[in-house]
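Following: one structure in structure tokens, then a few remarks.
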Amino acid sequence: FEDTTTQQLKTGCISRLIRKATLPTGISPHKPIRLEQGASNNSVKYPNAEFAIVFGTDDGSGEANPVPNPAMNRTDIRRYVCQAVTDDTDVSSAPTFRVPQTLESYVTVPLLRRVPFSEYADDSRISEDGWEITMVNFMVPNADTESDIHDEKGLYGVSLVFQRRGETLVAFNGTKIELAHQAGASKETTTPQKSTDDGKGDVASFASPISHVSTPKETGDSKTECSSTRIIEVSMSSPVFNRRLEEDSWSVRMENRRRVVAGPVTVGTALVCRRNVVLAMRESLTRFLHDHCRPREKGTGLICGPLVELLGNFSHPDVEATVLKAILEPYLRVGSASWVDRPLRDQKHQFEIEAGQQLLNCLPPIPLALLFVTLLLEQKVVFSSSRRSVLFSAVTSVTRLLKPLRWSHLLVPLVPSALARDLLQYPAPFILGIPSEDPGNMEVLNALPSDVTLVDLDVGRVILASHFAHDDELVRNGEDPRITAAALRSQVLYLAQSLGLLFGSKLRKQTWNVDSPSVSSSVQELQADVPDIEKLQTVCRSFLVELLSGTESCCFWIEERQPERKVGSQSAPTETECTVLFDEDRFFHIKNLRAKRGRYKPLFEGSSPFQRSHGDYDVDGPMSSEDGLALSLDDFDLILETFLRCQSMSTFVSSRPKGRMAFV
């Protein structure tokens, strides 16, 4: 044989061919990606709020022309102060953009709607002196965050809001308030200890920084009266703040302001953090509320006047902003006491359990299954409730049911009423939480677009959209789009009914399997220690493991190595352009075989398509050998075809490791 030189393909020709070639029907290209690691979830060790904000009705003492908030219907609310409250976050190193200017639109709430029996349902919402009290969990989407971690795409927070209606304000003038600088006060007054004498059960208590001093005062008719002073021990000096407290009270200033501008009066505070530490923040604000608003007599309501005046004093622009941290220090420490020695993921996990239970209490099994299938197919979903914290809990919980898949579209657990109409026109899938009590929101909810599914958490129902976003993409061979859309909707309802029966049997076995002779109370007792939301997550995970089984054997990895390049005297790293081709027809074939009871087995014995090294894509154990949850093409072909068009499935395929694919 003669020695000849083999003709080499030109650099980049394979990549250009893949980009320009028309792939056969059923073959879809994907770009490999590497998901961020979840290990950094514990990088921030402080288990409580990073920032505190005080806000309220503009009393005229701030800026002459404050920057308007386009996300708010009310133009009279402004931010009084924003202050870092942890030593882990310095104001100079953590700019104010971490707390967006739109935050007030998420923390403010409408006045309570007067309905029959409301006082019997919850008598803690109205104080003894007439203030409406609301404490809300929320999350603010924050596109400005510098973090790439999925859990840091927003600010988590808890707000405490006080409001009065249009009636005349009663100025709090019975007790003088004064901040007293006590060295080491933040440590001496916050030692956690077990106590049951506060009516709150066996929870962490603390020595209150509040004390009262009575001073005798002679009157003109030779009588002596005692004036009371409320002393609040803080860890810093605050002469300007105390001087402002001695001047006209915030209630007096607001009453004078309302002679010109009518409307409700609002003041409140909020704690926010880039991590889900809602439990610690809520405990801190609960302690703060009950310590400053103690009732005069046992069995009576809270007295909010002193706390309202304290927060309202921050409306003066010249007061020391750092005094807010000094006031909150004892309550932040006691709120952190249960979590300070534990990883942050423990607090997040506990919140997810409590939030999941709220979701299960709102939706029966079959509507819950319908919601799960709708989100699996990445449709537009709107949650509605008059309880704002429930909206946050429901959205947080339902996205966890999709693991190992990930919701990568728009997600706003609490939509400001001024933005609701605009966000509903968003062209891509979304999950929105719209409070039904906000002004104008009922009209919005009654006129939702036809491709939006409504989840009414107050009634406990899911109203499926009349058509889905992927209807047109399903029409391959010229079928009537209306027939295809109706068939897809029918399959979704059929699958939801079937999954709902499974959900019910796992969550309420003695109720849903009451006609079965195998129901035993001992079975229920064995599972009594497992939270219901974890049972539901197990069922959803098993369904998704079966749905994704065989994915890797449908993937074909194609890569083209670029020759080494010289940069000066050194060689540049070798570049590799990769593409993953996914065979959809083979995927359908595998699903059909799985539905026929075990005719398909894993390509690699004992292999699992889910590894903990891939961040959120973690499912314990090998590929499921259970085929009872497999979907048949005869019954669910449109659902499977729609699922392959979803971004979550595309991300899952793109994240598969090269070494686990059938062909490299």
Side-chain angles (χ1 to χ4, degrees), residues 37-52 83-90 93-94 98 135 137 139 147 149-152 154-158 160 184-198 200-209 233-235 270-291 324-357 393 396-397 400 529-531 533-534 537 612 615-616 618 620:
Q37 300 294 321
S40 59
N41 285 340
N42 296 317
S43 59
V44 181
K45 297 182 179 180
Y46 186 68
N48 211 318
E50 295 177 288
F51 291 91
Q83 177 64 35
V85 292
T86 169
D87 296 333
D88 292 349
T89 305
D90 185 74
S93 62
R98 291 190 182 277
M135 187 177 294
N137 305 336
M139 188 192 79
S147 173
I149 301 175
H150 184 65
D151 290 338
E152 290 188 0
L155 288 175
Y156 295 88
V158 181
L160 174 62
S186 62
K187 296 182 180 180
E188 295 174 0
T189 63
T190 58
T191 304
Q193 51 186 305
K194 294 293 182 180
S195 175
T196 58
D197 59 358
D198 58 356
K200 298 175 67 66
D202 189 17
V203 294
S205 185
F206 68 105
S208 173
E233 296 182 355
V234 294
S235 57
L271 301 178
V272 295
C273 184
R274 291 166 292 168
R275 297 291 184 171
N276 189 345
V277 290
V278 170
L279 295 181
M281 291 189 291
R282 192 173 183 94
E283 173 66 17
S284 300
L285 283 185
T286 300
R287 290 284 176 174
F288 180 60
L289 170 66
H290 287 275
D291 193 35
L324 178 60
K325 175 183 177 182
I327 292 173
L328 292 174
E329 274 178 342
Y331 311 100
L332 292 172
R333 291 180 183 275
V334 74
S336 307
S338 301
W339 309 102
V340 68
D341 295 326
R342 300 166 63 180
L344 284 179
R345 63 175 178 268
D346 287 3
Q347 185 174 175
K348 178 183 176 184
H349 177 67
Q350 182 60 35
F351 173 80
E352 289 172 351
I353 291 177
E354 296 181 8
Q357 190 59 48
S393 298
T396 302
S397 302
R400 299 290 298 179
D529 295 335
V530 180
I533 188 60
E534 293 188 355
Q537 289 173 349
R612 287 195 176 276
D616 284 340
D618 59 328
D620 294 329

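Every heavy atom of this structure was used, including side-chain atoms; hydrogens, water molecules and symmetry mates were not. Note that the numbering runs from 1 along the sequence shown for the chain.
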(request) Could you tell me whether the side chain of S397 and the main chain of A355 form a donor-acceptor pair under 3.5 Å? (result) yes
(request) Verify, without hydrogens or angle tests, whether E329 (side chain) and S235 (backbone) share a donor-acceptor contact under 3.5 angstrom. (result)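 Answer holds: no.
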Is the closest side-chain heavy-atom distance between [X] and [Y] below 4.5 Å?
X    : Y    : answer
M139 : T396 : no
I533 : Q537 : yes
R287 : R333 : no
R274 : L155 : yes
S336 : V277 : no
M135 : R282 : yes

Roughly how far, to the nearest 0.5 Å, is [atom2] of [Y] from [atom1] of [X]?
X    : Y    : atom1 : atom2 : result
E283 : N48  : CD    : CG    : 9.5 Å
L289 : L160 : CG    : CG    : 5.5 Å
D291 : T286 : CG    : OG1   : 12.0 Å
Q357 : E534 : CD    : CD    : 11.0 Å
L279 : I353 : CG    : CD1   : 10.0 Å
Q350 : R342 : CD    : CZ    : 7.5 Å

Of all heavy-atom pairs between [X] and [Y], which one has the smallest distance, and what is that distance?
X    : Y    : value
M281 : Y156 : CE-O, 3.7 Å
G335 : S284 : CA-OG, 3.5 Å
A337 : V340 : O-CG1, 3.8 Å
L332 : A49  : CD2-CB, 4.4 Å

(message) Applying side-chain contact (heavy atoms from CB on, under 4.5 Å) to V85 and E50, what does each step give before you reach the verdict?
(response) CA-CA 6 Å; V85 292; E50 295 177 288; 5.8 Å; no
